[in-house]
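Everything on this sheet refers to the single structure shown next.
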Amino acid sequence: MKAQTMQETALSHNLNVITAEINAYKRVAGEAIFEIGRRLKHVKENDLAYGQWEKWCRGEVDMTPQHANRFIRVAERFGDRTSMFGLTIAHLDLLTGFSDREIETTHTIPSTGAIKSVDEMTVRELREVKRALKAERESRELAERQRDEAVESVQALRDTIESISASSDGEVIEIRTGSEISGRSLEFSASVRDFLKKYSFLTHFDVEFSTLNECSAKEYQTAIDGMYDFLDGISKMLPSRRSRESIIIEAD
């Protein structure tokens with residue numbers, strides 16, 4: 001009779017036993033990823049290969065330096081977190097770019113609309129979610145930067161208005177000819193166009209502006225009120241049938 005191998009004789013016919021054994025080996029394999037990563041990091045950081053890190057990786061442990069670095073990243077990011085032991089090195093390497101909150105929550109797979117936790121996803125699905133999260137973070141960071149720039153610009157505008165008001169208090173600006181006022185008007189129009197072009201994006205951030213703190217909101221409103229006052233005053237200066245011989249403008 002043909003001799004049976006050790007694997008054949010050792011395997012159980014009880015499905016529950018087989019399931020438990022598979023999960024146990026998965027845990028051992030997962031734990032091995034972290035132990036390998038710890039040891040690779042130890043060799044690399046302490047130069048135990050004497051400057052021959054890449055050669056040692058390929059020749060002694062049969063892996064590329066890039067693959068070895070994946071194990072190191074995983075070990076550094078997750079340490080000995082037992083909840084991660086059942087995942088493959090490909091899964092774990094992708095998850096090094098996730099925050100703890102992103103790892104613990106469920107996500108919608110962009111291509112299918114399915115909702116899964118990270119340990120339920122395939123590597124392809126995980127890549128999709130990672131790209132989507134990156135795009136979302138970049139969009140949020142851009143909105144935050146633009147909001148901060150808007151607040152800074154509003155403050156600068158407010159300071160400028162106050163500075164002009166303070167420096168020109170009682171000062172009379174004389175414009176003797178129509179060509180002078182035309183030149184100033186064209187200069188003003190060009191500056192307004194540049195201003196609108198630079199800050200027109202602010203009209204698309206209703207939700208973000210609702211999150212301004214009280215101080216920032218007050219500064220923003222003060223600057224806007226100053227602009228309204230300025231526009232109200234300057235619009236009254238539009239000539240209709242006014243004589244062009246001499247125009248005197250007294251600054252408020």
Side-chain angles (χ1 to χ4, degrees), residues 1-140:
M1 186 174 67
K2 184 179 178 181
Q4 291 181 313
T5 65
M6 181 181 298
Q7 287 81 1
E8 289 173 337
T9 57
L11 294 181
S12 170
H13 291 286
N14 186 310
L15 181 59
N16 291 331
V17 172
I18 292 292
T19 301
E21 289 176 345
I22 290 173
N23 287 327
Y25 279 116
K26 283 176 61 180
R27 180 182 175 83
V28 171
E31 186 174 357
I33 291 173
F34 293 90
E35 293 302 327
I36 291 170
R38 286 179 57 211
R39 285 159 176 77
L40 288 169
K41 180 181 179 182
H42 180 70
V43 171
K44 187 174 184 180
E45 287 186 346
N46 293 282
D47 195 25
L48 299 185
Y50 303 103
Q52 301 296 313
W53 161 252
E54 294 189 4
K55 181 179 179 181
W56 175 82
C57 284
R58 291 190 172 94
E60 301 301 326
V61 293
D62 193 27
M63 65 174 67
T64 65
Q66 293 78 14
H67 195 53
N69 287 332
R70 295 172 77 188
F71 281 90
I72 293 173
R73 282 195 299 270
V74 167
E76 289 176 335
R77 173 66 176 86
F78 300 114
D80 57 355
R81 288 171 57 171
T82 58
S83 61
M84 313 298 288
F85 282 177
L87 301 177
T88 67
I89 182 64
H91 279 82
L92 291 167
D93 190 38
L94 285 169
L95 288 173
T96 57
F98 284 56
S99 68
D100 287 346
R101 184 184 63 80
E102 291 168 343
I103 289 173
E104 293 165 1
T105 190
T106 56
H107 301 276
T108 301
I109 311 301
S111 62
T112 64
I115 299 175
K116 296 183 179 182
S117 60
V118 295
D119 59 329
E120 296 173 322
M121 297 179 196
T122 64
V123 171
R124 177 178 292 182
E125 289 172 336
L126 202 55
R127 288 197 182 103
E128 282 188 55
V129 170
K130 185 176 181 179
R131 286 193 295 268
L133 289 173
K134 181 182 179 182
E136 181 184 331
R137 281 194 295 269
E138 290 175 348
S139 177
R140 184 170 59 249

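In this text the structure is predicted, and so the values were computed from the model without any measurement. If you read the sequence from its start, that first residue is 1, and numbering goes on from there. Values below: every heavy atom of this structure, side chains too, minus hydrogens, waters and symmetry copies.
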Interatomic distance, [X] atom [atom1] to [Y] atom [atom2] [nearest 0.5 angstrom]:
| X | Y | atom1 | atom2 | value |
| --- | --- | --- | --- | --- |
| Glu21 | Ile18 | CD | CD1 | 5.0 Å |
| Thr106 | Glu120 | OG1 | CD | 9.0 Å |
| Trp56 | Met63 | CH2 | CE | 7.5 Å |

[X] (side chain) donor-acceptor with [Y] (main chain) under 3.5 angstrom:
| X | Y | answer |
| --- | --- | --- |
| His91 | Val118 | no |
| Thr19 | Leu15 | yes |
| Gln52 | Ala49 | no |
| Asn14 | Asn16 | yes |

- Note on the structure: Taken in chain and number order and not counting sequence neighbours, the residues that satisfy side chain to side chain donor-acceptor pair (under 3.5 Å) with Thr112 are none
- Query: Residues in side chain to side chain donor-acceptor pair (under 3.5 Å) with His107, at least two apart?
  - Reply: none
- Apply side chain to side chain contact (heavy atoms under 4.5 Å, CB included) to Lys134 and Arg131, showing your working. CA-CA 5 Å; Lys134 181 182 179 182; Arg131 286 193 295 268; 5.7 Å; no
For a quick test of your reading: what N or O donor-acceptor pairs under 3.5 Å do the side chains of residues 29-41 make, sequence neighbours left out?
unit_1: Glu35; atom_1: OE1; unit_2: Arg38; atom_2: NH1; d: 2.9
unit_1: Glu35; atom_1: OE1; unit_2: Arg39; atom_2: NH1; d: 2.6
unit_1: Glu35; atom_1: OE2; unit_2: Arg38; atom_2: NH1; d: 3.4
unit_1: Arg39; atom_1: NH1; unit_2: Glu35; atom_2: O; d: 3.1

- Counting heavy atoms not belonging to Asp47, are there more than 12 under 6.0 Å from its CG? yes
- Task: Output yes when Glu128 and Arg124 qualify as a salt bridge under the 4.0 Å nitrogen-oxygen rule, no when they do not.
- Result: no
- Could you walk me through whether Ile103 and Phe78 pass the side chain to side chain contact (heavy atoms under 4.5 Å, CB included) check? CA-CA 11 Å; Ile103 289 173; Phe78 300 114; 3.5 Å; yes
- Message: Just to verify, what does Glu125 make a salt bridge (Lys or Arg N to Asp or Glu O under 4.0 Å) with, not counting sequence neighbours?
- Response: Lys116
Could you tabulate the donor-acceptor pairs under 3.5 Å formed by side-chain atoms of residues 93-100, not counting sequence neighbours?
unit_1: Asp93; atom_1: OD1; unit_2: Arg73; atom_2: NE; d: 3.0
unit_1: Asp93; atom_1: OD1; unit_2: Arg73; atom_2: NH2; d: 3.1
unit_1: Asp93; atom_1: OD2; unit_2: Arg70; atom_2: NE; d: 3.2
unit_1: Asp93; atom_1: OD2; unit_2: Arg73; atom_2: NH2; d: 3.1
unit_1: Thr96; atom_1: OG1; unit_2: Asp93; atom_2: O; d: 2.5
unit_1: Ser99; atom_1: OG; unit_2: Glu102; atom_2: N; d: 3.1
unit_1: Ser99; atom_1: OG; unit_2: Glu102; atom_2: OE1; d: 3.4
unit_1: Asp100; atom_1: OD1; unit_2: Arg77; atom_2: NH1; d: 3.3
unit_1: Asp100; atom_1: OD1; unit_2: Arg77; atom_2: NH2; d: 2.9
unit_1: Asp100; atom_1: OD1; unit_2: Arg81; atom_2: NH1; d: 3.2

- Contacts of His42 that satisfy ring pair (Phe, Tyr, Trp, His ring centres under 6.0 Å) - sequence neighbours left out: none
- Residue pair Ala90 / Val123: nearest heavy atoms and the distance that separates them: CB-CG2, 3.9 Å
